[in-house]
Amino acid sequence: MEREKLFSVKMRSSAAGEHISGAETIVPESEVEKTVLSFLNRARNHSRGSPDFINIKVEEIKEEPLRAPLLPVFHLEGAPPELLKLLFPLAGIPLELGLKTYELLLSGPAPGGRVMRGAMVVEVPTGRRLEPDKERGIRASTLGITDSAQRELKEKAGKFYTENLKDALILTTKINLFPGVLAELCISDDPEYTTGYISISGLGYFRLFNVKPPGHPKGGRAIFVKRGISIPDLVSFLQKKPFLATSFPAYRFGLPETFRS
Ligand code: COA
């Protein structure tokens, strides 16, 4: 039997030209209407305020998506700077560079200390910033999750499941699949949202609570890459290659046994 066509559905909203929220997924043709409606509701009910502009884009996926499992999640209690001191070296990132990048995200990585519209790209170990535009950064897009993987994630994460976790996990799993990406560090710029993460390629998604003080209006994303990576290839993969998460391995508490020193 022929497979049902797949569609990318993307939503972004803004008010007075300021970005408020974005969401996206990949669904079979029969689920497009339902998805558009749910994104419309999501755009209208955002903690950052009501939008005066909502863009919903529906586009057929012509290329066979890359399919892969989500990264496993490690739920970590404890002070993020202390946890990051353990996690940066695991990712092959010198501690000093990792902590400097963390501070930069908190102080605003765009010129003038503003937040960026996408991620910065940090070369390891030099610390050189490789994103072509330091206001915009680069963004991962054209991604989604199968129904069965979403059910698995909800079941395994239990009361710790949130839509933010799902969205971030899909996004960062895709980012970490590009050869030469070592890790991604993320701190939301939403003042009320203080949960962040560092994801490490091939290892997992380390969920960090209280990654910034409540009310702090800055944050962002940093993608750490090996020297010699092709930035045009990375940008093209992250923006355009369709990615579908197909399963979820595990939601665990604490650091993996083998990482404890
Ligand atoms: N933050 C701030 N502004 C954003 C944005 C974001 N996350 N996503 C889109 N915009 C604004 C920008 O002004 C952008 O212009 P630019 O490309 O010069 O930065 C403009 O909207 C158009 O962006 P585009 O990528 O063409 O939007 P789209 O209609 O294809 O929708 C989203 C893309 C919003 C669905 C996608 O970016 C998304 O899901 N974002 C949420 C997840 C996220 O934060 N991703 C960042 C990963 S590093």
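Whatever order the structure lists ligands and atoms in, that order sets their numbers, starting from 1. Both backbone and side-chain heavy atoms feed into the values below; hydrogens, waters and symmetry mates do not.
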Considering only non-hydrogen protein atoms, determine which one is nearest to atom 26 (O) of ligand 1 and report residue, atom name and distance to 0.1 Å. K57 NZ, 4.2 Å
Candidate list E155, R207, K156, test side-chain hydrogen bond (donor to acceptor under 3.5 Å, both in side chains), partner Y251, passing option: R207
Among M120, R221, R136, whose heavy atom sits nearest atom 46 (C) of ligand 1? R221
Under the 3.5 angstrom rule, does the side chain of K212 hit a backbone N or O of S188 as a donor-acceptor pair? yes
What is the ring orientation for F206 with F74, classed by angle as parallel under 30°, tilted 30 to 60°, or perpendicular over 60°? parallel
Just go through E24, R139, M11 and tell me whose heavy atom is the nearest to atom 24 (P) of ligand 1. R139
Do me a favour and list the nearest non-hydrogen protein atom to atom 19 (O) of ligand 1 with residue, atom name and distance? R117 NE, 2.7 Å
As an exercise, identify every atom of ligand 1 less than 4.0 angstrom from a heavy atom of A140. 47 (C), 48 (S)
Does the protein put a heavy atom under 4.0 Å from atom 14 (C) of ligand 1? yes
Give the atom numbers and elements of ligand 1 that come within less than 4.0 Å of a heavy atom of K10. 30 (O), 35 (C)
Decide if atom CZ of R42 counts as having more than 12 heavy atoms of other residues, nucleotides or ligands within a radius under 6.0 Å. yes
Does a sphere of radius 6.0 Å around CD in E18 hold more than 12 heavy atoms from other residues, nucleotides or ligands, not counting ones at 6.0 Å or beyond? no
Donor-acceptor contact present, side-chain S236 to main-chain D233, <3.5 Å: no
Of all protein heavy atoms, the one nearest atom 27 (O) of ligand 1 is R12 NE, 3.1 Å
With hydrophobic residues grouped by side-chain heavy-atom distances under 4.5 Å, do I20 and F53 end up in a single group? no
Could you pull out all residues at least two apart from F243 that satisfy ring pair (Phe, Tyr, Trp, His ring centres under 6.0 Å)? none
Which option out of L171, I138, L238, L143 puts a heavy atom nearest to atom 45 (N) of ligand 1? L171
Proximity winner for atom 35 (C) of ligand 1, if only heavy atoms of G22, A23, S141 are counted: A23
Taking atom 6 (C) of ligand 1 as the reference point, the nearest protein heavy atom with its distance: H19 NE2, 3.3 Å
